[in-house]
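In this text the structure is predicted, and so the values were computed from the model without any measurement. All chains are named by letter (A, B, ...) in the order of the sequence lines, taking the proteins before the strands, and each is independently numbered beginning at 1.
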2 protein chains.
Amino acid sequence: MKKYTIKDVANKAGVSIATVSNVINAKGRVSTQTIARVRKVIEELQYYPNLAARNLKDKKTHLIAVLVPLTDQSNIHDNPFYLELLSGIEKGARQSDLHVLLIGLKEGDNLSFIHERNLDGIIVVGVHEHSLLYENITQLHVPCVFMDSYLNQCNYDQVNIDDQLGGYLATKHLISLGHRHIVLFGGERKNNSVYHSRWLGYRKALNEARIQYREKYAIESQVTMEAAYQCAQHCIATDREITAVCVGSDVAAMGFVKGLHDVGLHVPEHISVIGFDDLFFAHYMVPTLTTIYQNITEKGTKAVELLFEQIYEERFRPAKKVFVPIQLKIGQSTREISKMEK
Amino acid sequence: MKKYTIKDVANKAGVSIATVSNVINAKGRVSTQTIARVRKVIEELQYYPNLAARNLKDKKTHLIAVLVPLTDQSNIHDNPFYLELLSGIEKGARQSDLHVLLIGLKEGDNLSFIHERNLDGIIVVGVHEHSLLYENITQLHVPCVFMDSYLNQCNYDQVNIDDQLGGYLATKHLISLGHRHIVLFGGERKNNSVYHSRWLGYRKALNEARIQYREKYAIESQVTMEAAYQCAQHCIATDREITAVCVGSDVAAMGFVKGLHDVGLHVPEHISVIGFDDLFFAHYMVPTLTTIYQNITEKGTKAVELLFEQIYEERFRPAKKVFVPIQLKIGQSTREISKMEK
DNA sequence: GCAATGTGGTTAAACGTTTCACCTTTATAG
DNA sequence: CTATAAAGGTGAAACGTTTAACCACATTGC
């Protein structure tokens, strides 16, 4: 099963390799008969161009990478959010004739592969402005799109949701149900993060309703199932004034519901819970989850789209910041305070 | 930000490019002083070898692909199983200095990229022996590992779990709790699939307990949340003899529990449910799920390991079939029949 | 004192493409 | 009938590596 080269094709078709190349790339001037003949030979030999050789000439590799930070606390694999994102990116890439490299990155990891492999561009998920990783990436000078990374004055393309709006919508929904003692369970608010924005939205909603903001209600934590589970049992269950919680992700919301359940508190009879992301299981939880929907797949395809523009279009354009729309989805996990059990 | 080549390094260090190449690859004979000098220049120029050029010579690309079939019913992104698998593969790849290409494949999709990119090998997830995809892959003559693909007499490496044992363990557990009317909710049993094996295990357990096998209790369906939800409501709820169900995945089990719940049946008070996979949320469901645990991450790393052997080791070795151990994990979703509510 | 051996290094071919400059033949214009 | 253009195609350099063959010199053994 020898691997044929353009030379073999040229020989068999009785033309020069330049002509074969022209046929393949639909460039130059070749008669229709010759084209047909060459095509036939290509078919017969099952010839495929060697991309390595091609890349050597025209630079473009049609290869992009998704960089996902790996931390001890949050491995990729316990948040289906990433899966949906990857799925969207892969889909977008397929449409743009790109291939996707999946790279997990620990802080301090070497990024040299980006140059070595001549990647056309990268998509970076969830880095902080002041992280080492961010520093390293900015020195790379490669087309790049950031996702879920709040970067203040950064001239890279970004795809995000309006997290502030998300925090606001969630909180407002709870307020509209009559809740006034509302906990925000989110991640670190420093570094201008996603969770900082949500917190701003939370405060805004409280403010509009003239509800006093309470520091102890705005919890900074890892947004994981286990952390949420613990928090539900220790922080919430011991303070019976609290009637509602905004949780930073559906995954954590699930942990929260379970944590409450295990100390005898039920959702939504005793406490209302609202999640974030609208992951695949939100509609199948008992109770179904009220949550902030975002189209994660679209987020992924959009990122690829932006990257594609950077790679193949005009010499330069200013950085774009795209916001994917979000939406409140009401499920069974939130309830009017008047209909709750004491 | 010019990209330096080996030539630039050679010039600046005052040696030939062959010598630089030797330094980089620790081959040939170079004095320690020269090595030091070249290294220094490489450092100064921030030189990185161009892999495209390198691949042109020595073939190996250190690039593998994960091929995941995309069907209308089962998109990658609604089964976290894939995420954990990808995570494991990525981890294994990192340890073996490989990069992973993520490819979603629709039946009939072109596989030419495997040759074009000179992939070192591929990992294929969940294909059937008689599918077009399988046919195409076998004609590829590329190192290959199949996962969750039951292939009878196939001389490729495979990583699986013992699905028959899985079906057996699950069923036996239910039997040991006193259940005798046990439904198996699985996927298509033709084509020697994963679900066929589980079904065999199910039958074996019934047999040992001298329970009559009933065709209508062995349901072939898409193993999705929604299908399970529907089944719970229509098939199970209408036949009150049934007291327990083996579900083909944790995801489907969740749909099942929800479906039952929505018609007023509770798990495990009215029906026992056992899942499969032990996904991240199994311990956080209400009730926590009894399930068959498999170490999915390990499955992924193992697959990479096998692929690595094929690529870099001995000229040839017979195909290996690896089984990753599984284990029954008892949660709250199964209960002794004597303690159930009528 | 000379062959053999070892050490440190160079030259040039090869990998499989793309592309630019150039060549030949035929058609077209004046 | 010649000058020009168009059509169809070719040759060879270039992309950035690796590597086999080779060379020059120093050391060693006898």
If each end axis of the helix from C:dG1-D:dC30 to C:dG30-D:dC1 is fitted on five C1' pair positions, the angle between them, to 10 degrees, is 50°
When all nucleic acid strands are considered with a 4.0 Å heavy-atom cut-off, which category describes B:Ser16: base, sugar-phosphate, or nothing? base
Check whether any side-chain N or O of B:Ser21 sits under 3.5 Å from a backbone N or O of B:Ile17 as a donor-acceptor pair, and report yes or no. no
Strictly under 4.0 angstrom, non-hydrogen atoms only: write out the protein contact profile of nucleotides 13-18 of chain C, one letter per nucleotide from the 5' end, B, S or -. -BBBBB
Under the side chain to side chain donor-acceptor pair (under 3.5 Å) test, residues paired with B:Ser31 that sit two or more places apart: B:Thr34
For A:Lys40, does the NZ atom have more than 12 heavy-atom neighbours from other residues, nucleotides or ligands under 6.0 Å away? no
Pair B:Glu43 + B:Arg39: basic N to acidic O under 4.0 Å: no
Whole angstroms only, please: what is the CD-P distance between B:Gln33 and C:dT7? 15 Å
Flag the pair B:Glu305 and B:Lys302 as a salt bridge only when some basic side-chain nitrogen lies within less than 4.0 angstrom of an acidic carboxylate oxygen. yes
Sorted by position of nearest nucleotide on DNA chain C, 5' first, the leading residue of B:Ile35 and A:Thr19 is B:Ile35
Are any of B:Ser31's side-chain N or O atoms less than 4.0 Å away from OP1 or OP2 of C:dG8? no
Whole angstrom is fine here: how far is it from CZ in B:Arg29 over to P in D:dC25? 16 Å
N/O donor-acceptor pair under 3.5 Å between B:Ser149 side chain and B:Val127 backbone: yes
Between the side chain of B:Asp8 and the main-chain N/O of B:Thr5, is any donor-acceptor distance below 3.5 Å? yes
Measure from the ring center of A:His62 to the ring center of A:Tyr312 and say whether it is less than 6.0 Å. yes
